[in-house]
Every structure is written in structure tokens, then in C-alpha cells.
Amino acid sequence: MFKKILIANRGEIACRVIRTARRLGIRTVAVYSDADAEALFVKQADEAWRLGPAPAAESYLKAELILDIARQSGAEAIHPGYGFLSENAGFAEACAAAGIAFIGPPASAIAAMGSKSAAKTLMEGAGVPLVPGYHGDNQDAEFLKQQADVIGYPVLIKASAGGGGKGMRIVARSEDFAAELAACRREAKASFGDDKVLVEKYLTRPRHIEIQLFADTHGNVVYLFERDCSVQRRHQKVLEEAPAPGMTDERRQAMGEAACAAARAVGYAGAGTVEFIVDTASNAFYFMEMNTRLQVEHPVTEYITGQDLVEWQLKVAAGDPLPLTQQQLTLSGHAIEARVYAEDPDNDFLPATGKLVHLSAPQESGTVRVDTGVAEGDTITPFYDPMIAKLIVWGKDRASALARLDAALADYQVAGLVTNLPFLRRLAGHPAFVSADLDTGLIARHATELLPPPAAPSAEQLALIALADTLAEQAEGDAAWTALPGWRLNARQRRRRDYRHGEANYTVEVEYAGDTFMLCVGDECFTASGNLNDTELSANLNGRRLNADLVRHGNQRTLFCQGERLMVEWLDPMAVEAGAAHGEAHLRAPMPGRVVAWLAEPGATVSKGTPLMILEAMKMEHTLAAPSDGKVAAFYYAPGEQVDDGADLVDFEAA
Ligand code: ADP
């Protein structure tokens, strides 16, 4: 086995690989970009080497530099994780040439599966079922249209070099084909530098079921059962589970054997996934593509098989035989994974950037697992995927896994930026998912229920926030509340607190008398008392005890109570009206400090108020926002650099 490996990746997958390496006594070398200099994986690795600036092209995709670091650090193997260089045949080859083991399949297998069209031709030869379609070399527009007419509409045009759900076009009618083909080619050329396409039957209510397989260098190939990844948004996975609901033993075996045939056809070794699309009408399954790497959703397979797939990968790369035979592999219980993202479901899932002011993940146990690459205080930047974590649960059956998932999602607290957690919870609890009525259109079909308009805060929630604010102010010794014996005896203190939620303002009247408060929201009043310990609020409202968490960050208030989350802004009566006149000054350092992160990419067009940069000064973090609509021409300082008082930070061109 290797003594030292390099991990050519970042975030949660780098942390994931480090965990297994550490358990096996293998030392780890991390590589990082400037944006990740303080990241969790950099701290967890035995050593970490800088690659370059934040953009992936200048850091995580620098194959030569990564190989150099591997040589210099004495790493014997490179784990590519997923994304970045993981499916780059040239990189796998360069590793082999440098005498460094690539923890993945041989370059030839990556290349064979790299083109969707070529892979289909290969699979056809291996007897693996394919979606009816044309995946040949003839790219003549008229010819492709004839093929589509024969297949029958709707058809799907796919970029042969595509991935990540990009470069796909559905064509409903023959007369639309030419225009859609042209559009797909343009998109494919722009995204993948290759405009080759294939045409296939578009299944209207399909399920996505994939087989996890493993092969070693001794000719053994096994499948570790299936994962159902049908719950997707715009062809991207949101929830994944194993086993697939409704799967029979015969069918599992048929799909598993087809996947193993695919692996054998390309001389595969290591972890791989064969993705199938299943027609819910006929129950037929068809080969879609093979991913020649470890997948994001591998933990659900680890839960149901009790195996560590990263350990299997390391063993195979070191030349060992597979740890178990097909007969020795067993499947137990049910696992579900939810992908937790910094994104705004109410705003078309726009990725969010900013600081994780408060982060409290559910308690990990034998049945709840949180794979993450960030900690409280870290920043989600625009340079990489805005994933916060993968939450994975296990139960003895699907119902108990679902119950656990719901509880864990309710326990997951994030403040400082918007996440998809409430959306995930509605999705996991939706009758269609609960009853396993699965197909790739589930989210789109139930969008109205899954994305309801934001609910107005309840009087109880507002009272809790006002109570916490008042307690915090008292603790800070705010003059207005300081007891002045003699003067204040019997006196009642009154104050109003205003909060904004969405477009609406809410007022809480706070009256203080002795140890208790009277809190009124409109004509709903609560006799209240409580204790605030950092973010923990234990409150008594009209005789009812409530435990909540309240994160106060600047004027932002995030309340977590009974599995519900509410974010409001406190309208500080003392705050100076932030007007356009302040805009310019905001892009200068208000005091000497250090740049923590960029929140926009250089060259980005932004709207007024878009966060641009985080600056740390006087032990406080300040977010600089765009003073108007405009363009971020350049940043004058990189993350980590010190700035002087009044220094110009951003070259901003107002629109
Ligand atoms: P990518 O490599 O971009 O992920 P895939 O070929 O794996 O593309 O397809 C991604 C998703 O697109 C699938 O999970 C499925 O939801 C949908 N899809 C792909 N092919 C078809 C098809 N023939 N009919 C209907 N949906 C499809």
C-alpha cells in the first residue's frame, strides 16, 4: 500500500479522501488555490502546497504543476476526486509516464468513455442495451433530421462531449429539429470545444438508476448494487438513494451484469459508475454513459454495503485484488443523500456567496453522516461549486431513512447566507418522494408545492427575536435598560423594535417590568422571560418553554426554532441612511486590514448591492457591496493581502 498520496482536488472530496487515508496510515499531500488557503482540507492534510490563484484553470487544472508537487513531496499516487482532472485521460497518462499511480482507471478506459457517442458504439458491441438513437459519425444536418424522424419525437440532441447536464436539447417536432440542432452545436462548441452530437429517443418520464462497479487489475469485476438518482433539477442530481425503490433481485442482477460488461469492454480498473435511464412505462433500461471516477453520491453505496469505496480505490491502484467477491457483497437497509448548497431556491436557485456566519450540522452517528469541506467562519466563493455538504442517512428501511433525513435536515443550521435546506426538507417530505413515485420530472412537476411563496413570520417568531435582541442589549449594558435604583423602581420601560422580512416591515412593542417582558406584535401579546447564552435562547412565552437558536450578525437575525428557519433584518433606528453617496467610499478600506475573500469574479457584471469582497479589519469582517449596477473591472488585492487605511480595493465601473 502507498505511504503517501497527493489529492488533486478540494473541499468535501479532499476531506473525504483524507479521512480514509488517515485511517489506513497513509500520509496526505493537499494542493490548494489562494481562495482555499485556509480551507478545512488544507488544515487536515499532512502537508499542503500552493497551486496559484483562485480560478481552476490557474490552480486545480494545472496538471504539470500538480505532478511536480507529487514528485517533490514524494507522493506515490494521486487521487483526482471528481471534477477537475478526474476524467482527463491526458493527466492519467502523464501520471503513468511520471511513475506515479493514478487512483482511477487506465487512461485508455477514460478516453473510451469520454465521448458519449464512441461509448455507445462500444457498449452496443458489448451487448449493453442502448436508448434507440443515432450516435455515429455522420453529422450532416439533413441526415440527423432523417434519423430523428425515424426515431420518432420527442428526441433529445446531446453534445457527445457533454457533461453536467449541459448541451442537451429536447425537440418536440420535426419542424423544430434544424433550429435546435444548430443551437445545441453552438452550445457544445462553446462549452466543450467540440460540436459533435448524438440523437436519441427522449423518454418522457424516465428514472435515472446507476450501478456502482469496481474492477481490479487481476480481471475481477463486481457491482456494488444501484443508486436511484431520479430526483433532479435541470438534469442535476438533488437526492440520491440506494437501493432503488421497487428494484427486484433479477433486475438488479441484469443491470449489474450489463454494467460489468461495460467495464470489461474497456479494460476497466477502479471505481466506476454506469448510468442507465429506465423507461417507467416499459421498465426497459438503457445505457446512458459511464463515469470513470468516484461519484459525489458514493456514500449511499457505502452505507448499504458497509464498505469504504476510497479504501477499495486505494487498494486497486496499489495492485491489490478487490477486497470482496460478488457473492460476498451484501446489501443492507436504505440510505439517502441530500446535497446541501449555498443557493437561493426562491431566486431560481441562484448560487449564493458569502460567509458561513453560523454553521451547525446535525450530530454524526452510525446512521447520520455529514461529508463537508467547510467550517463555521469559512466563505463560499464564486470560484467553485457552492456545495456546503452532503447529508447522508441510513435506516433499516426507506421509511426510517426518510424520518431520519427529515430530522437531520431540520437540525441543520446555517446563517449568513441562503441555502437550499428548507427546499430539501419540503422535497424529502413531499408525498411523491415519500411514496417513491420517482422520475426525473418530479421536482418540475411539483414546483408549486416545493417552492411556495415565503411565509410571513409568525408573531411568536418575531417575539422570540425581539426577546433575544432585548436580552442581548441588556447584557451589553445598553444605557436605556440599565436599572437605576430609585429612579426605575415600578417604572415601565417601553421600546419598539422593527424588523424587515422580504418586502414587509414588522414591529414588536417591548415593555419591560421587573423580570418579565410584555411583547406585542399587533394585538398578539406574550408575557415573556428568557436567557440568552451566545446563540442559545431559552424562552418562556405565555408560560410555554421554547428552546431556539438565534444568530445575530450585523443587523441580520436568523432564528432556528422547531425545525423552522427565519431570517429578518433588524431596522436599526440609529443607522445612517445608506445612500448612493456612500457607495464610492465603500470600495475603499475603511481601516487597515486584510482581504479575506473575493465574492465576485473579476470582469463580472453585478447589480447594486451585490457583495464583492470580504475585508477583515479590527477583528471584524466587512462585506463590501457594489455601490450601483456595474462591472467589477479588477480587484487590487488578492485574498490574504494586507491593505492600508483608505486603500482602493476594487476597480468598479458603474453602469
Ligand atoms: P450528463 O453527462 O450531462 O450528466 P447524461 O447523459 O448523464 O448527461 O444525462 C443527464 C440526465 O439527462 C439524465 O440523468 C436524465 O435525467 C436526462 N436524460 C438523458 N438522456 C435522456 C433521454 N434519452 N430521455 C430523457 N431524459 C434523458
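Owing to the predicted nature of the structure, the values given are computational and were not obtained by experimental measurement. Indexing begins at 1, ligand by ligand and atom by atom, following the structure's order.
Interface of H235 with ligand 1, defined as ligand atoms under 4.0 Å from a residue heavy atom, comprises 11 (C), 12 (O), 16 (O), 17 (C). For ligand 1, the atoms sitting less than 4.0 Å from at least one non-hydrogen atom of T440 are 16 (O), numbered in the order shown with element in parentheses. Shown in contact with E200 at under 4.0 Å from a heavy atom are these atoms of ligand 1, numbered in order with element: 20 (N), 21 (C), 22 (C), 23 (N). Of all atoms in ligand 1, numbered sequentially from 1 with element shown, those under 4.0 Å from a heavy atom of L156 are 19 (C), 20 (N), 21 (C), 22 (C), 23 (N), 27 (C). The contact set between ligand 1 and E275, taken as ligand atoms under 4.0 Å from a residue heavy atom, comprises 7 (O).
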| message | I'd like to know whether V296 forms a side-chain contact (heavy atoms from CB on, under 4.5 Å) with Y82, so could you lay out the CA-CA distance, the side-chain angles of the two residues, the decisive distance to 0.1 Å, and finally the verdict. | response | CA-CA 7 Å; V296 174; Y82 50 73; 3.6 Å; yes
| query | Please walk me through it: do R251 and V278 pass side-chain contact (heavy atoms from CB on, under 4.5 Å)? | reply | CA-CA 11 Å; R251 198 175 169 72; V278 178; 3.5 Å; yes
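Ligand 1 has an N or O atom lying under 3.5 Å from an N or O atom of L203, backbone or side chain. Checked by distance only, ligand 1 and Y202 stay at 3.5 Å or farther apart across all their nitrogen or oxygen atoms.
Nearest protein neighbour of atom 3 (O) of ligand 1, counting heavy atoms only, is G165 N, 2.4 Å. Nearest protein heavy-atom contact of atom 15 (C) of ligand 1 is Q232 OE1, 3.9 Å.
Ring centroid separation for the pair Y202 and Y153 does not come in under the 6.0 Å cut-off.
D36 places a side-chain heavy atom less than 4.5 Å from the side chain of F41. You'll find the side chain of E187 reaches within 4.5 Å of the side chain of R169, heavy atoms only.
Annotation: R445, atom CZ; neighbour count of heavy atoms from other residues, nucleotides and ligands within 6.0 Å is above 12. Residue D137 qualifies as open at atom CG: its count of foreign heavy atoms under 6.0 Å is 12 or below.
Under 4.0 Å from ligand 1, the heavy atoms of I277 that appear belong solely to its side chain.
The residue from E289, E210, K158, H208 that puts a heavy atom closest to atom 6 (O) of ligand 1 is K158. The heavy atom nearest to atom 2 (O) of ligand 1, out of those in M290, M168, K201, K116, is found in K116. Which of M288, R207, Q236 comes nearest to atom 13 (C) of ligand 1 through a heavy atom is settled by distance: it is M288.
Residues satisfying the salt bridge (charged side-chain N to carboxylate O under 4.0 Å, His left out) test with E226, not counting sequence neighbours, are R252. Among residues two or more places apart in sequence or in another chain, the ring-ring contact (aromatic ring centres under 6.0 Å, His included) test is passed with Y286 by none.
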